[in-house]
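Note that the structure is a prediction, hence the values are computed from the model and not measured. What you see below is based on every heavy atom in this structure, not just the backbone, and it leaves out hydrogens, waters and symmetry mates.
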Amino acid sequence: LRMTKEKEVIIHHDPHIKNIPIDSLTVAEIKKIDRDVITLQELFDFVKKIEFNLEMKWNVPATDRSVFAQKVVDLVQKNGVKKRVAYSSFDEEILLEVQKLDPSAKIGFLEDKSLERLLEVGNVLKARVLSPHHTMLTNKESVKRLQSRGSHVIPWTVNELTRLKELVDMGVDGVIT
């Protein structure tokens with residue numbers, strides 16, 4: 001998820017569209033560049049039954065973290081999809097903002113540097129999902145260590161069948177691909 005110039009929440013992985021920062025554009029301007037980009041509201045209007053993992057991107061300016069969290073949580077609550085939503089991010093501050101607004105929110109924390117940091121921040125957030133980069137998992141013990149606090153372990157980005165099989169053998173609960 002990303003936030004636009006007018007503080008609308010859109011679904012887009014990268015911080016730029018055609019080398020233009022998303023937070024400098026309105027939704028209308030973005031749709032002129034890429035008509036396939038949709039807002040979170042448009043997604044909720046269209047999809048009525050599936051579960052959502054809303055990854056809140058970490059490069060939102062610090063002053064906008066609370067605004068971004070408020071917008072996303074408001075949309076989730078307004079659309080009655082709270083039971084089907086998990087919030088995830090590399091940015092624990094955004095997730096803490098979500099928890100202030102909704103203490104029962106399902107939280108997932110993503111990490112690419114250290115299992116210790118993943119565990120530490122995961123504990124603070126009481127994260128239901130811990131998502132390390134798949135290369136951080138080297139054996140069954142590393143997976144069990146993360147699962148021992150009651151979290152599901154769902155590594156990212158697993159795009160090779162050989163690595164997927166290794167991770168399944170280690171006991172991961174799922175993968176992000």
Side-chain angles (χ1 to χ4, degrees), residues 1-113 118 121 125 127-135 152 154-161 163-164 174-177:
L1 301 178
R2 302 275 179 189
M3 196 161 54
T4 65
K5 181 179 180 179
E6 79 267 49
K7 309 288 189 241
E8 291 295 324
V9 179
I10 66 164
I11 299 169
H12 199 272
H13 183 270
D14 298 319
H16 298 87
I17 294 180
K18 305 276 187 195
N19 293 321
I20 304 168
I22 286 174
D23 62 0
S24 71
L25 297 169
T26 65
V27 171
E29 292 167 335
I30 290 168
K31 287 184 180 253
K32 285 180 185 172
I33 296 168
D34 184 347
R35 64 186 175 92
D36 292 327
V37 172
I38 64 171
T39 66
L40 184 57
Q41 182 61 57
E42 289 168 331
L43 177 71
F44 289 153
D45 289 344
F46 179 72
V47 181
K48 299 295 182 189
K49 294 183 180 179
I50 66 170
E51 293 190 16
F52 301 97
N53 174 44
L54 304 180
E55 183 186 350
M56 301 175 71
K57 295 297 186 173
W58 58 267
N59 65 338
V60 173
T63 56
D64 286 340
R65 277 186 176 99
S66 61
V67 174
F68 186 33
Q70 185 73 60
K71 288 282 187 179
V72 174
V73 170
D74 284 352
L75 283 166
V76 166
Q77 292 175 347
K78 172 183 159 191
N79 286 278
V81 294
K82 176 183 169 169
K83 290 182 179 180
R84 297 187 289 130
V85 166
Y87 302 89
S88 65
S89 185
F90 285 92
D91 184 335
E92 67 268 26
E93 297 302 320
I94 288 175
L95 296 172
L96 287 168
E97 291 292 333
V98 167
Q99 285 182 319
K100 284 181 196 172
L101 298 165
D102 180 1
S104 65
K106 292 181 253 179
I107 299 293
F109 183 61
L110 296 107
E111 172 63 8
D112 62 354
K113 305 239 179 335
L118 183 61
V121 175
L125 294 169
R128 295 186 194 182
V129 174
L130 298 175
S131 293
H133 188 268
H134 73 92
T135 58
H152 291 283
I154 303 178
W156 57 274
T157 297
V158 184
N159 293 329
E160 295 174 6
L161 184 58
R163 183 60 176 155
L164 174 62
V175 296
I176 299 169
T177 185

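- Side-chain atoms of Thr4 do not come within 3.5 Å of backbone N or O of Thr26 as any donor-acceptor pair.
- A salt bridge links Asp64 with Lys7: the closest approach of a Lys/Arg side-chain nitrogen to an acidic carboxylate oxygen falls below 4.0 angstrom.
- The minimum heavy-atom distance between Ile11 and Thr39, with the atom names listed, is CD1-O, 4.1 Å.
- Counting non-hydrogen atoms of other residues, nucleotides and ligands closer than 6.0 Å to NE2 of His133 gives a total above 12.
- Side chain of Arg84 to main chain of Lys48: a donor-acceptor pair is present (N/O by atom type, distance under 3.5 Å, no hydrogens or angles).
- A distance-only check finds a donor-acceptor pair linking the side chain of Asp91 to the backbone of Glu93 [under 3.5 Å].
- A salt bridge links Glu97 and Lys100; the closest N-O separation between the charged side-chain nitrogens and carboxylate oxygens is under 4.0 Å.
- Using a 4.0 Å cut-off between charged side-chain N and carboxylate O, Lys113 and Glu111 make no salt bridge.
- Minimum heavy-atom separation, Gly108 to Leu95: O-CD1, 3.5 Å.
- Of all the heavy atoms in Lys31 and Ile38, the pair that sits closest is NZ-CA, 4.2 Å.
- In this structure, the side chain of Arg128 does not engage the main chain of His152 through any donor-acceptor pair within 3.5 Å.
- Panel note: side chain Glu92, backbone Phe109; no donor-acceptor pair is recorded below 3.5 Å.
- Using modelled atom types, no side-chain atom of Lys71 and backbone atom of Glu8 make a donor-acceptor pair closer than 3.5 Å.
- For Asp102, the side-chain hydrogen bond (donor to acceptor under 3.5 Å, both in side chains) test picks out Lys82, Ser104, with sequence neighbours left out.
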